[in-house]
Amino acid sequence: MHCKIAIDGPAGSGKTTVARELAKRLGIEYLDTGAMYRIVGLYLHNCGVNPDSTEEIEKILNEVSIEYKDGEYYLNGKKIGDEIRTAQAGVYASQYGASPVVRKFLTKLQKEICANRSIVAEGRDIGTVVMPDAQVKIFLVASPEVRAKRRYEELKMKGLEVSYDELLRQIIERDKLDSSREIAPLVKAEDAIEIDSSNLSVEEVVEKILEIVKERCKLTR
Ligand SMILES: Nc1ncnc2c1ncn2[C@@H]1O[C@H](COP(=O)(O)OP(=O)(O)OP(=O)(O)O)[C@@H](O)[C@H]1O
Ligand SMILES: Nc1ccn([C@H]2C[C@H](O)[C@@H](COP(=O)(O)O)O2)c(=O)n1
């Protein structure tokens with residue numbers, strides 16, 4: 001039986017870091033759905049599309065292909081790099097991610113990627129929409145201040161000029177947008193286990209989830 005692990009939570013709570021490590025230790029696939037929303041959000045923004053215009057978004061998405069191969073993303077055949085990892089790309093992802101047309105387009109693709117395999121998928125609506133049948137659902141949270149500090153350190157390490165106050169404002173704005181939207185809002189699934197990583201190391205979070213996985217997926221690793 002395949003082991004499906006869903007990790008949802010707000011920006012900067014540690015989903016990507018933890019999901020990657022879990023997938024590595026368990027020897028299973030990993031999917032960062034935020035990257036897909038960042039790709040589409042940045043592309044639609046660069047095309048000057050109004051986030052509220054269903055017609056405009058549909059027209060552009062009809063001509064877009066997104067592929068996921070060996071852990072890499074491709075937009076119209078072109079490999080995606082770090083351009084989607086900026087704080088601004090996260091804001092565009094959140095803005096266009098509220099569009100029902102964008103969600104239908106990406107959710108279909110995400111379900112196809114997650115089907116018929118063991119996988120760790122992370123995002124905002126994995127346990128509620130993309131993989132509602134996941135055996136393991138984690139809702140990973142941390143205080144806005146801790147999340148902003150982590151993002152600040154991460155972007156500084158990449159040599160980017162960032163302001164902690166601006167990052168905190170963007171994180172609070174994205175939290176609000178992601179959890180208040182009509183379709184597929186960021187919400188803890190009823191059967192999800194909440195983990196607050198504010199005062200936990202990455203290793204402690206990974207170990208906590210591994211215990212749950214071993215119990216529910218009967219995996220030995
Ligand atoms: N438990 C932790 N303790 C300390 N630092 C952490 C912890 N978890 C993640 N980090 C660091 O915080 C930063 C953000 O982590 P990550 O990108 O995994 O969060 P995320 O939830 O995927 O964010 P987003 O939703 O915006 O992609 C990274 O630099 C990561 O190394
Ligand atoms: N399943 C998902 C994943 C992401 N989004 C949106 C909302 C986020 O703020 C934005 C960026 O995601 P991140 O890279 O920060 O995980 O993309 C979503 O709506 N649904």
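For ligands, and for the atoms within them, numbers begin at 1 and follow the listed sequence.
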Does Met36 reach ligand 2, in the sense of a heavy atom lying below 4.0 Å from it?
no
At a non-hydrogen distance cut-off of under 4.0 Å, which region of Arg181 contacts ligand 2 (side chain, backbone, both, or neither)?
side chain
Are the charged groups of Glu166 and Arg169 less than 4.0 angstrom apart, N to O?
yes
For Ser201, is the nearest heavy atom under 4.0 Å from an atom of ligand 1?
yes
Cluster membership besides Val146, Ile/Leu/Val/Met/Phe/Trp/Tyr side chains within less than 4.5 angstrom, sorted by chain and number, is none
Contact check, Lys149 vs ligand 1, heavy-atom distance below 4.0 Å
no
With a 4.0 Å cut-off on heavy atoms, does Gly90 reach ligand 1?
no
Which pairs with one or both residues in residues 84-134 pass ring-ring contact (aromatic ring centres under 6.0 Å, His included), sequence neighbours excluded?
His45-Tyr92
Who's the nearest protein heavy-atom neighbour of atom 27 (O) of ligand 1, and how far?
Arg151 NH2, 3.5 Å
How does Arg174 reach ligand 2, by side chain, by backbone, by both or by neither, if only non-hydrogen atoms under 4.0 Å count?
side chain
Any atoms of ligand 2 less than 4.0 Å from a non-hydrogen atom of Gly34? List them with their elements.
3 (C), 4 (C), 12 (O), 13 (P), 14 (O), 16 (O)
Residue Thr33 vicinity, atoms of ligand 2 by number, heavy atom under 4.0 Å
1 (N), 2 (C), 3 (C)
Student check: side-chain heavy atoms of Val129 and Arg103 closer than 4.5 Å:
no
Would the number of heavy atoms belonging to other residues, nucleotides or ligands and lying under 6.0 Å from CD of Glu182 be above 12?
no
Check for me whether Arg174 has a heavy atom closer than 4.0 Å to any atom of ligand 1.
yes
Of all the heavy atoms in Ala19, does at least one lie under 4.0 Å from an atom in ligand 1?
no
Side chain of Arg216, backbone of Val136: donor and acceptor closer than 3.5 Å?
no
Give a yes/no verdict on whether any heavy atom in Gln110 is under 4.0 Å from an atom of ligand 2.
no
List every atom of ligand 1 that sits less than 4.0 Å from any heavy atom of Gly14, numbering the atoms from 1 in the order shown and giving each element.
8 (N), 9 (C), 15 (O), 16 (P), 18 (O), 19 (O), 20 (P), 21 (O)
Measuring from non-hydrogen atoms of Gly12 to any atom of ligand 1, is the shortest distance under 4.0 Å?
yes
Separation of Ser180 OG from Leu186 CG (nearest 0.5 Å)
10.0 Å
